[in-house]
Amino acid sequence: MAEFIKGMDVSTYAELEKLGAKYYDHGREKDVLDILKAYGANSVRLRVWNDPYSEKGEPYGAGTNDLSTTLSIAQKCVEKGFGFLLDIHYSDFWADPGKQRMPKAWVGLDNDTLEKEVYDYTTEILQAFKEADAYPTMIQVGNELTNGLMWPNGQKASKDAPREEYERQFDTIAKFISAGIRAVHDMDRVIAKETGNDDYHLPVMIHLDNGGNNEMYVDWFEHYIPRGEDFDVIGLSYYPFWHGSLEALEFNMNDMAKRYGKDIIVAEVSMGFTMEDYASYEKLAPSERKGMATRQELVEKIEYPMTKDGQKDFMADIMNRIKNVQGGLGKGFYYWEPAWIPVPGSGWATEASLKYIKEAGPCGNEWANQALFDFEGNANPALEAIRDFTV
């Protein structure tokens with residue numbers, strides 16, 4: 001990875017475009033991908049879900065990133081010259097430390113069968129991107145794997161559980177992740193043979209959340225590495241209102257680099273630019289709104305103010321810390337959903353998905369004040385900091 005990654009997760013791009021989202025750079029309307037590219041973005045990150053639809057075919061929302069949707073976005077991005085990090089969730093909907101739901105089609109399968117399903121599914125996904133001339137330049141095998149994947153089979157046991165159970169569950173977690181990594185490596189060999197490039201290798205990322213929690217990262221990788229297939233990149237999520245100080249993130253990145261010699265990428269990051277409410281843009285009843293991801297008591301813990309200038313200064317700071325990870329192993333970042341402005345109809349979930357995940361609650365957009373565009377789609381000054389940052 002020679003070029004410092006200035007990445008953007010634009011997984012809701014197709015949904016936002018369909019719903020009529022508009023974006024502006026100094027008053028001129030442009031395609032959001034073109035604006036991001038003009039401000040230095042050189043890579044995108046796109047998630048893919050197994051089957052984000054109800055049995056009646058109702059979409060789950062939040063981009064409804066099935067294979068065909070993600071393929072179409074990837075093709076547009078690759079045509080525009082972006083690199084591409086493919087984020088396979090191995091779930092029908094959101095996968096994160098609080099929820100790693102088994103895909104509906106895999107429920108009830110034993111672990112050996114699940115291992116084969118992960119391998120086959122990963123192979124099928126990569127083959128589809130290959131045939132579409134939109135092959136990724138990096139891949140995540142799982143998303144925010146802190147507490148495992150494909151629950152309950154691959155759920156990490158509590159630290160209070162008996163040691164034997166804790167170790168046994170890591171055996172299963174490593175089994176599933178390794179199946180995906182083997183599929184990537186086997187596809188590497190296919191592409192190497194077809195292209196005559198014997199050195200071809202698609203970098204594999206393992207991604208955890210809570211980038212400021214060094215103890216958790218050490219425990220996780222000390223358990224995974226002796227059990228699992230090799231990988232290339234440690235990905236971290238870092239949201240300042242949830243994941244501790246920038247100093248804690250910096251310490252963890254340097255410690256991971258020193259311990260494991262892997263490239264380090266902040267795979268998800270964002271920073272708010274306002275605490276102004278955006279209810280009038282969503283056009284939802286109060287009971288239907290998700291609200292903002294940050295609460296006032298959390299904002300008070302952030303080192304930069306939730307203003308446009310604060311967002312800009314935060315991005316300059318975090319890019320500098322990534323750049324200075326020891327050994328030159330800090331390779332960049334992906335800003336999470338910079339274009340997710342409050343367009344009516346685009347939220348974190350639909351009624352169908354709430355039924356699926358068995359949660360009650362509102363479906364609106366909780367991320368609009370974290371975007372790199374204001375509520376009306378105007379580029380924020382933080383994009384200038386990204387454009388002007390050099391390594």
Side-chain angles (χ1 to χ4, degrees), residues 1-13 16 21 23-28 30-46 73 76-78 80-85 87 137-138 211 233 235-241 243 246 249-250 253 263-274 302-325 328-341 367-391:
M1 274 175 265
E3 185 177 26
F4 186 87
I5 292 172
K6 299 178 179 181
M8 303 287 162
D9 191 313
V10 292
S11 296
T12 54
Y13 173 84
L16 289 161
Y23 301 89
Y24 304 89
D25 182 19
H26 296 289
R28 294 184 59 191
K30 298 179 181 179
D31 184 287
V32 69
L33 297 177
D34 293 333
I35 295 175
L36 293 171
K37 190 170 181 63
Y39 280 97
N42 54 22
S43 189
V44 299
R45 178 177 183 256
L46 301 173
I73 303 171
K76 289 183 179 181
C77 293
V78 170
K80 291 180 181 292
F82 288 99
F84 165 34
L85 169 58
D87 176 13
T137 50
M138 191 187 310
V233 182
L236 311 89
S237 290
Y238 180 73
Y239 298 112
F241 41 89
H243 295 159
L246 282 160
L249 171 69
E250 182 178 19
M253 290 191 296
D263 288 342
I264 304 296
I265 292 176
V266 178
E268 293 183 22
V269 64
S270 77
M271 169 66 186
F273 66 90
T274 184
I302 301 175
E303 295 159 80
Y304 289 91
M306 292 269 285
T307 63
K308 290 183 177 180
D309 285 340
Q311 185 186 55
K312 180 179 181 179
D313 292 342
F314 169 86
M315 286 308 302
D317 190 339
I318 198 167
M319 287 187 292
N320 191 58
R321 292 174 193 259
I322 297 168
K323 167 188 172 180
N324 289 314
V325 169
L329 292 174
K331 300 301 184 181
F333 70 92
Y334 286 87
Y335 197 98
W336 200 78
E337 292 284 7
W340 205 352
I341 61 177
W367 212 255
N369 69 324
Q370 310 288 323
L372 292 177
F373 297 83
D374 69 19
F375 300 153
E376 296 179 346
N378 298 295
N380 283 347
L383 283 165
E384 299 172 5
I386 293 169
R387 177 196 63 200
D388 296 340
F389 183 78
T390 58
V391 177

By salt bridge (charged side-chain N to carboxylate O under 4.0 Å, His left out) - contacts of [X] (at least two apart):
X: Asp317; answer: Arg321
X: Lys80; answer: Asp34
X: Asp313; answer: none
X: Glu384; answer: Lys312

#### Entry: Residues which pass side chain to side chain donor-acceptor pair (under 3.5 Å) with Lys37, listed by chain and number, not counting sequence neighbours
none
### Message
Which residues pass the side chain to side chain donor-acceptor pair (under 3.5 Å) test with Asp87, not counting sequence neighbours?
### Response
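By the side chain to side chain donor-acceptor pair (under 3.5 Å) rule, Asp87 matches Arg45, His89, Gln140.
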### Message
Does this structure show an ion pair linking Asp374 with Lys308, if we count only N-O contacts that are shorter than 4.0 Å?
### Response
yes
Where the side chain of [X] meets the backbone of [Y], is there a donor-acceptor pair that is under 3.5 Å apart?
X: Ser43; Y: Gly83; answer: yes
X: Tyr239; Y: Met271; answer: no
X: Lys6; Y: Ile386; answer: yes

Apply ring-ring contact (aromatic ring centres under 6.0 Å, His included) to [X] and list each qualifying residue two or more places apart in sequence or on a separate chain.
X: Phe389; value: Phe4
X: Phe273; value: Phe375
X: Tyr13; value: none
X: Tyr334; value: none

### Query
With Ser11, which residues qualify under side chain to side chain contact (heavy atoms under 4.5 Å, CB included), at least two apart?
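Only Asp9, Leu46, Arg47, Asn65, Glu337 meet the side chain to side chain contact (heavy atoms under 4.5 Å, CB included) criterion with Ser11.
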### Task
Sequence neighbours left out, what passes side chain to side chain contact (heavy atoms under 4.5 Å, CB included) with Asn324? Give chain and number order.
Asn320
### Message
Distance check, rounded to the nearest 0.5 Å: Leu249 atom CG versus Met253 atom CE?
### Response
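Output value for this atom pair is 4.0 Å.
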